[in-house]
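Scope of the values below: all heavy atoms of this structure, side chains included, with no hydrogens, waters or symmetry mates.
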Amino acid sequence: MTSELIGEVDTVERAAQTPDQPQPYRELGLKDDEYERVREILGRRPTDAELAMYSVMWSEHCSYKSSKVHLRYFGETTTEEMKAVMLAGIGENAGVVDIGDGWAATFKVESHNSPSYIEPYQGAATGVGGIVRDILAMGARPVAVMDQLRFGPVDAPDTRRVFDGVVRGISGYGNSLGLPNIGGETVFDASYAGNPLVNALCVGVLRKEDLHLAFASGTGNKIILFGARTGLDGIGGVSVLASETFEDSAAAAGKGASRKKLPSVQVGDPFLEKVLIECCLELYANDLVVGIQDLGGAGLACATSELASAGDGGMWVELDRVPLRTPNMTPAEILSSESQERMCAVVKPENVEAFLAVCRKWEVPATVIGEVTDGDRLVITYQGQTVVDVPPRTVADEGPVYQRPYARPESQDALNADTSAKLPRPQTGDELRETLLKLLGSPHLCSRAFITEQYDRYVRGNTVLAENADAGMIRVDETTGRGIAISTDASGRYTALDPYTGAQLALAEAYRNVSVTGATPLAVTNCLNFGSPEDPDVMWQFAEAVRGLADGCAALGIPVTGGNVSFYNQTGSTPILPTPVVGVLGVIDDVHRRIPTGFGAEPGETLWLLGDTHDEFDGSIWAQVTADHLGGRPPRVDFAREKLLSEVLVAASRDGLVSAAHDLSEGGLIQAVVESALAGETGCRLVIPEEFADGTGPFIFLFSESAGRALVAVPRTEESRFRSMCEARQLPATRIGVVDPGPEGEPSTVEVQGLFTVTLEELRSTSESVLPRYFG
């Protein structure tokens, strides 16, 4: 929104006297009935500033108006036992869980998709900055970030612009902030060509007693805005960009990206955020904060209305006191600005000077802009006149709730009937070797080192696992070695085939990725990326994915602590693949017993496959790379097996029974073997089990994407104990090979006995050359 749209300064008194004055509510994203409801709430037309507040706070991004009815299912399926680990959950800036020894961890993932298409560098950078402030607002020190990225095909005309800007934005902001990037995922698919996904995750740690929440309580307490000055950057930014589809003009990518509304993208300053973090942590340590909220989407409109709504009274704010970087901003612009690196705190009067002194110490601008009142209204003045007088709950919590129509698409049956069984399968050793190299040399399975090498993974000195790991791991306590592990996963292809199962597969993989490090999965966050909620097909996908994720969490006994919904991810009438990103956080009591991915602790270690392998190739990377095929049914999910596998891996870690572990997912067993061999820089020999020895059996054994499986390396001295443990717990375990660096002086190889051999050098060059070829 702009001053041209908002017009001149408009007071409450003037609004009451001019009930029929036309207002640009449609341009600001409000429907006719939504605008009429605002008038009913206020008993008059809204002022320009009030209209700005309601439009951004009732946007899809801020109000969840199309998703609320489905998201309630998370609460309905959360048991008291699951709630016991949560210190803060859905509805807070981020979820917080108890990780033992008086420590807590907070984590959340959010989208910055549309801004990252329009201005990739700043869109991605401010996505990192925003999620870091969400974690900071809980009273925690941010300790690591991760990212989930989706781009169009590597050779699409606009992919390089978006890819380059996003990766530089993440690295530029995160590296400058001094936070390690400990993992993530990058996917290339045609459905994201006009609508990339940039989902940023941050995790923080705190002592349990240091938890802070967002509420304005205590009549007379002061409202302090601190951090960056407020400018025109980001006016209506993410709140509007995330609430409307792109026009059908992917060809215009990089040329302004045609839209009905084009707010500006926020501009970040990581160095200011860095001192803002330290400033906040000192304020918390000195007990100078009653409540706190970061300023992200919807800016001051969001912070004031949400703080007041969650408190026990009202609030008065004087906009003239807000420090501006652009002169002559209107009240609507000040309230709607999404300028970055800003926080809003509630402070007792006797602590104001001490609060401001801490801010001065860190050279963070801070200004008292209002106070908590004993009423039930949010009143905002400008130049001595009232420009906002609203019940804050109607802005923050009582927006429209839609029961969007949804139905299983008519095309779903045909999609599920079109299985991968019709595709020709490799049988000979040469064909299997060629298939391995083709998949490994594709953008879908190749090395992501070109991306991750641009990120600082080890800053702050507490990173335990990052590179070549299924989950990132951070040490929390240097004395005890207590740590946390976290993984994020998603599969748009599986979710397109079956949204319920696809969401569960993402959950199962993230859960498994945490388990293979030796950590115990504890809690879940999510970022649900879908097309337009006004499309019944999309809403069916969304409803099924939410149901699948909630049921899966209930089966695993771990809670959803919060998340984010991103709708309108589509170009014209074509939505992205439905992409529910799932993050799982786990805890490990001593990071010294973490399990790495790479082979090589000692030659002669035996390789074991845990779990059952089935003929499951629908939606697989093999089908995508070899035939550009998507159809059929995704792999089955067995959460009882996932829990059992996790228990075995955690026990094996605790007892020192395994020296390496890797989950099996995209690309199947052979992909996991290659990645572990390359990570450990040592070779291995595999033997095809007898039941897979004939026909296409070796192909199924090597490339199937069945869930609930892991590859482990077991020291010879522990082989008997490991086998006995698996048998006692009734977990299928098959000895499939041995770690073998090969004769001294000769290249190490991955050998599948009787079928093919390939050197690590060829595997590495095939994998690592792909992204530099397109983006280097």
Side-chain angles (χ1 to χ4, degrees), residues 150-156 159 185-193 414-448 490-498 502 505 509 577 579 613-636 664-675 678 686 688 692-707 709 750 752 755-758 762-771 773-774:
R150 300 291 187 279
F151 303 106
V154 291
D155 55 357
T159 298
E185 192 174 41
T186 302
V187 171
F188 299 93
D189 186 274
S191 82
Y192 306 110
L415 179 66
N416 293 147
D418 182 22
T419 74
S420 61
K422 66 184 181 183
L423 304 178
R425 296 182 170 187
Q427 295 193 51
T428 68
D430 287 344
E431 289 172 342
L432 291 167
R433 186 182 193 277
E434 180 184 355
T435 300
L436 167 60
L437 293 174
K438 186 172 185 178
L439 267 59
L440 189 63
S442 74
H444 309 290
L445 286 183
C446 71
S447 168
R448 269 43 181 170
S491 175
R493 290 171 61 79
Y494 287 156
T495 309
L497 299 182
D498 183 337
L505 283 165
E509 185 178 354
L577 291 173
T579 311
T613 301
H614 305 285
D615 186 342
E616 295 179 306
F617 288 92
D618 292 345
S620 68
I621 294 296
W622 169 77
Q624 182 179 19
V625 172
T626 60
D628 193 23
H629 178 269
L630 178 61
R633 297 276 185 181
R636 288 160 284 181
L664 270 61
S665 52
E666 293 179 331
L669 171 65
I670 193 63
Q671 179 72 17
V673 167
V674 167
E675 290 178 356
L678 291 174
L686 301 184
I688 304 292
F692 292 100
D694 300 325
T696 60
F699 166 70
I700 295 170
F701 179 71
L702 293 173
F703 292 95
S704 168
E705 294 187 2
S706 294
R709 300 183 300 159
V750 170
V752 181
L755 290 171
F756 66 85
T757 300
V758 59
E762 184 176 5
L763 292 169
R764 191 180 301 281
S765 63
T766 298
S767 181
E768 293 184 355
S769 63
V770 180
L771 295 187
R773 185 163 67 246
Y774 289 99

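In this structure the side chain of Val154 never reaches within 4.5 angstrom of the side chain of Arg773, judged on heavy atoms. The closest side-chain heavy-atom distance from Leu702 to Ile688 is below 4.5 Å. Considering only heavy atoms from C-beta on, Val752 stays 4.5 Å or farther from Pro698 through its side chain. Side chains of Ser442 and Gln624 form no contact here, defined as non-hydrogen atoms less than 4.5 Å apart.
With hydrogens and angles disregarded, a donor-acceptor distance shorter than 3.5 Å links the side chain of Ser765 to the backbone of Glu762. Of the possible polar contacts, none joining the Glu666 side chain to the Ser620 backbone as a donor-acceptor pair under 3.5 Å is found. Between the Asn416 side chain and the Arg633 main chain, no donor and acceptor come within less than 3.5 Å of each other. Side-chain atoms of His614 do not come within 3.5 Å of backbone N or O of Pro635 as any donor-acceptor pair. Between the Arg764 side chain and the Leu678 main chain, a donor and an acceptor come within less than 3.5 Å of each other. No donor-acceptor pair closer than 3.5 Å links the side chain of Thr579 to the backbone N or O of Gly492.
Annotation: the span from Asp615 atom CG to Ile700 atom CD1 amounts to 4.0 Å, rounded to 0.5 Å. Atom-to-atom distance recorded for Thr766:OG1 and Leu436:CG is 8.5 Å, nearest 0.5 angstrom. Separating the NE2 atom in His444 from the CZ atom in Arg493 is a distance of 7.5 Å, to the nearest 0.5 Å. Distance check: Thr696 OG1 to Leu432 CG gives 10.0 Å after rounding to the nearest 0.5 Å. Considering CG of Leu630 and OH of Tyr494, their distance stands at 10.5 Å, rounded to 0.5 Å. Between the OG atom in Ser767 and the CG atom in Leu437 there is a gap of 10.5 Å [rounded to 0.5 Å].
Looking at Ser665 and Glu509, their side chains do bring a donor and an acceptor atom within 3.5 Å of each other.
Nearest heavy-atom pair, Ala707 versus Arg636, reported as atom, atom and distance to 0.1 Å: CB-O, 3.7 Å. Here the closest non-hydrogen pair linking Lys438 and Val625 is CG-CG1, 3.9 Å. Of all the heavy atoms in Leu439 and Leu445, the pair that sits closest is O-CB, 3.3 Å. Closest of all the heavy-atom pairs between Gly632 and Asp618 is CA-OD2, 3.2 Å. Closest of all the heavy-atom pairs between Ser706 and Glu616 is OG-OE1, 2.6 Å. Shown here for Leu577 and Ala496, the closest heavy-atom pair between the two residues is CD2-CB, 3.9 Å.
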| query | Does the pair Leu505 and Thr495 meet the rule for a side-chain contact (heavy atoms from CB on, under 4.5 Å), with working shown? | reply | CA-CA 9 Å; Leu505 283 165; Thr495 309; over 6 Å; no
| Leu771 and Phe188: CA distance, side-chain angles, deciding distance, side-chain contact (heavy atoms from CB on, under 4.5 Å) verdict | CA-CA 11 Å; Leu771 295 187; Phe188 299 93; 3.9 Å; yes
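In Asp155, the CG atom is crowded: over 12 heavy atoms of neighbouring residues, nucleotides or ligands sit closer than 6.0 Å.
For Ser191, the side-chain hydrogen bond (donor to acceptor under 3.5 Å, both in side chains) partners are Asp189, not counting sequence neighbours. For Phe699, the ring-ring contact (aromatic ring centres under 6.0 Å, His included) test picks out Phe617, Trp622, Phe703, with sequence neighbours left out. In this structure Tyr192 satisfies the ring-ring contact (aromatic ring centres under 6.0 Å, His included) test with no other residue, sequence neighbours excluded.
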